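Given the structure is predicted, the values throughout are model-derived calculations rather than measurements. This chain uses plain numbering: 1 for the first residue, then up along the sequence.
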Amino acid sequence: MNYDSAYTAETISLCSALAYQEASGSARRAIRLLRRSAEIAEENGSEQIEERHIRQADKDLEYGNIVESIVDQDDEKLYILKALAHLDEAGLTPARTRTIHAAYSRVVRSYNTTGKDPLTQRGMFNHLSKLVMFGFVHTIDHNKGAGGGQWNEHEFSDDVNPQKVKDAFEDRNLDWLDISVRGIKE
C-alpha cells in the first residue's frame, strides 16, 4: 500500500507547529500528533489527513496528557481532586478550604479500607497547595480588610474538569464512587 498521498507538506508543517507550541518542538509530540491524526482520518473514512483531523488529534493528546498527569498524583491529591469534582458538579465551586476538606473527608472515608483517617485540614491544604502549583487548581484570594477577614476559594483550573478526574480514576483502576456533598456548609 502507498501512503504518500495520505499527508501533505502542510500536514507535516501543522503537526510540527503544534508540537512546537505544546512541547518546545518535541519530535515525539509531532509524531504522536501525526499518528493520532491518521487514526482519526481513518476512523472518518478519509484517505488524506486534513487540518480538522490534526486539530482533533491535538485536543485528544492534550486531554490525555492532563489525565495522565492526574493519574500520576498520590492518593491524597487524587482524593482532593475527586472532592473538587463532586463540589464542581454540585455547583459549589469555587469553594473554601474547609468546604473542600469536608468533601475530601467523605471521599477518603468512602475509599478507605484500612481505617486510615483523612488528613487534617492543614495537611490537606498542603496537598491542595501543590495541586495549585502543578496547575490543576486555581486559588482565588479574598480580603475584606481588617474587619472582614481574608480567605481563599479554590476551583479547577481551565485545563481540568470532573470528567478528566473520572478518567484518571478509571486509568488507576479505581471505581468512581458517588460521594454526596449535600449538607456540606460553605
Side-chain angles (χ1 to χ4, degrees), residues 18-19 21-24 26 28-29 32-33 36 40 55-143 149-186:
L18 291 172
Q21 288 174 353
E22 290 298 320
S24 300
S26 166
R28 279 191 200 99
R29 167 86 175 166
R32 281 195 305 269
L33 191 53
R36 181 66 188 130
I40 292 169
R55 300 277 180 203
Q56 182 59 50
D58 190 45
K59 287 179 187 171
D60 291 356
L61 291 177
E62 185 58 33
Y63 187 94
N65 288 344
I66 292 166
V67 170
E68 193 175 293
S69 295
I70 294 170
V71 167
D72 290 341
Q73 300 306 307
D74 61 46
D75 288 348
E76 297 302 333
K77 289 177 189 68
L78 270 181
Y79 293 155
I80 293 167
L81 290 170
K82 181 169 176 45
L84 260 176
H86 287 289
L87 291 168
D88 188 71
E89 288 178 329
L92 299 174
T93 56
R96 292 176 84 151
T97 305
R98 69 173 170 241
T99 302
I100 295 169
H101 185 260
Y104 155 83
S105 295
R106 290 182 184 184
V107 168
V108 170
R109 288 187 182 99
S110 295
Y111 282 90
N112 190 350
T113 58
T114 61
K116 182 180 162 217
D117 288 331
L119 296 173
T120 63
Q121 183 171 315
R122 182 71 193 151
M124 185 223 59
F125 181 77
N126 290 337
H127 284 276
L128 181 61
S129 295
K130 288 188 175 134
L131 290 169
V132 170
M133 184 180 70
F134 296 150
F136 296 122
V137 176
H138 172 72
T139 298
I140 303 157
D141 297 318
H142 295 279
N143 189 341
Q150 68 183 67
W151 67 95
N152 294 326
E153 290 182 321
H154 312 277
E155 62 187 358
F156 284 129
S157 68
D158 291 340
D159 293 334
V160 181
N161 61 42
Q163 186 58 53
K164 290 177 183 173
V165 177
K166 287 178 186 176
D167 290 346
F169 266 69
E170 184 179 298
D171 287 1
R172 284 271 298 261
N173 295 319
L174 295 170
D175 291 330
W176 185 261
L177 303 177
D178 191 30
I179 309 296
S180 172
V181 292
R182 207 170 69 214
I184 292 179
K185 293 183 174 41
E186 182 52 38

Tabulate below the donor-acceptor pairs under 3.5 Å that side-chain atoms of residues 119-135 make, not counting sequence neighbours, or state none.
{"from": "Thr120", "atom 1": "OG1", "to": "Gly123", "atom 2": "N", "distance (Å)": "3.0"}
{"from": "His127", "atom 1": "ND1", "to": "Lys77", "atom 2": "NZ", "distance (Å)": "3.0"}
{"from": "Ser129", "atom 1": "OG", "to": "Phe125", "atom 2": "O", "distance (Å)": "3.0"}

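- Taking the side chain to side chain contact (heavy atoms under 4.5 Å, CB included) definition, one finds that Leu177 meets it with Ser110, Tyr111, Asp175, Ile179, sequence neighbours left out.
- A distance of 12.0 Å separates CH2 of Trp151 from OG1 of Thr97, quoted to the nearest 0.5 Å.
- Within the 4.5 Å cutoff, the side chain of Val67 has heavy atoms near those of the Asp171 side chain.
- Remark: Arg36 pairs with Glu39, Glu43, Asp60 by the salt bridge (charged side-chain N to carboxylate O under 4.0 Å, His left out) rule, at least two apart or across chains.
- Partners of Thr93 by side chain to side chain donor-acceptor pair (under 3.5 Å), not counting sequence neighbours, listed by chain and number: Asp88.
- For Arg109, there are no salt bridge (charged side-chain N to carboxylate O under 4.0 Å, His left out) partners two or more places apart in sequence or in a different chain.
- Legend: residues meeting salt bridge (charged side-chain N to carboxylate O under 4.0 Å, His left out) with Glu76, ordered by chain and number and at least two apart, are Lys116.
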Checking side-chain contact (heavy atoms from CB on, under 4.5 Å) for the pair Ile80/Val107: CA distance, chi angles, key distance, verdict?
CA-CA 8 Å; Ile80 293 167; Val107 168; over 6 Å; no

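- Taking Ala103 as the reference, Ala83, Leu87, Val181, Ile184 meet the side chain to side chain contact (heavy atoms under 4.5 Å, CB included) condition, with sequence neighbours excluded.
- Under the rule for a side chain to side chain donor-acceptor pair (under 3.5 Å), His101 has no partner lying at least two apart in sequence or in another chain.
- Side-chain contact between Ser69 and Phe136 is present, with heavy atoms from C-beta onward closer than 4.5 Å.
- The heavy-atom pair separating Ile100 from Ala95 by the smallest distance is CD1-O, 3.7 Å.
- The side chain to side chain contact (heavy atoms under 4.5 Å, CB included) check on Arg32 picks up Arg28, Arg29, Arg35, Leu61, with sequence neighbours excluded.
- Looking at residues two or more places apart in sequence or on another chain, you find a side chain to side chain donor-acceptor pair (under 3.5 Å) between His86 and Lys82.
- Of the listed residues (Asp158, Val160, Asp159), just one forms a side chain to side chain contact (heavy atoms under 4.5 Å, CB included) with Phe156, and that residue is Val160.
- Every residue was checked against the salt bridge (charged side-chain N to carboxylate O under 4.0 Å, His left out) condition with Glu170, not counting sequence neighbours, and none meets it.
- You'll find the side chain of Glu155 stays beyond 4.5 Å of the side chain of Leu84, heavy atoms only.
- Lys59 meets the side chain to side chain donor-acceptor pair (under 3.5 Å) test with no other residue; sequence neighbours excluded.
- Annotation: side chain of Arg106 is not in contact with side chain of Tyr104 (no heavy-atom distance under 4.5 Å).
- Residues Leu78 and Arg172 form a side-chain contact, since some pair of their non-hydrogen atoms from C-beta on lies under 4.5 Å apart.
- Side-chain N/O atoms of His154 and Thr139 include a donor and acceptor closer than 3.5 Å.
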How far apart are the C-alpha atoms of Glu89 and Lys166, what are their side-chain angles, what is the distance that settles it, and do they pass the salt bridge (Lys or Arg N to Asp or Glu O under 4.0 Å) test?
CA-CA 12 Å; Glu89 288 178 329; Lys166 287 178 186 176; 3.0 Å; yes

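- Counting all heavy atoms, side chain and backbone alike, Ala57 lies closest to Ile40 at N-CD1, 3.5 Å.
- Atom CG of Asn152 sits about 10.5 Å away from atom NE2 of His138, to the nearest 0.5 Å.
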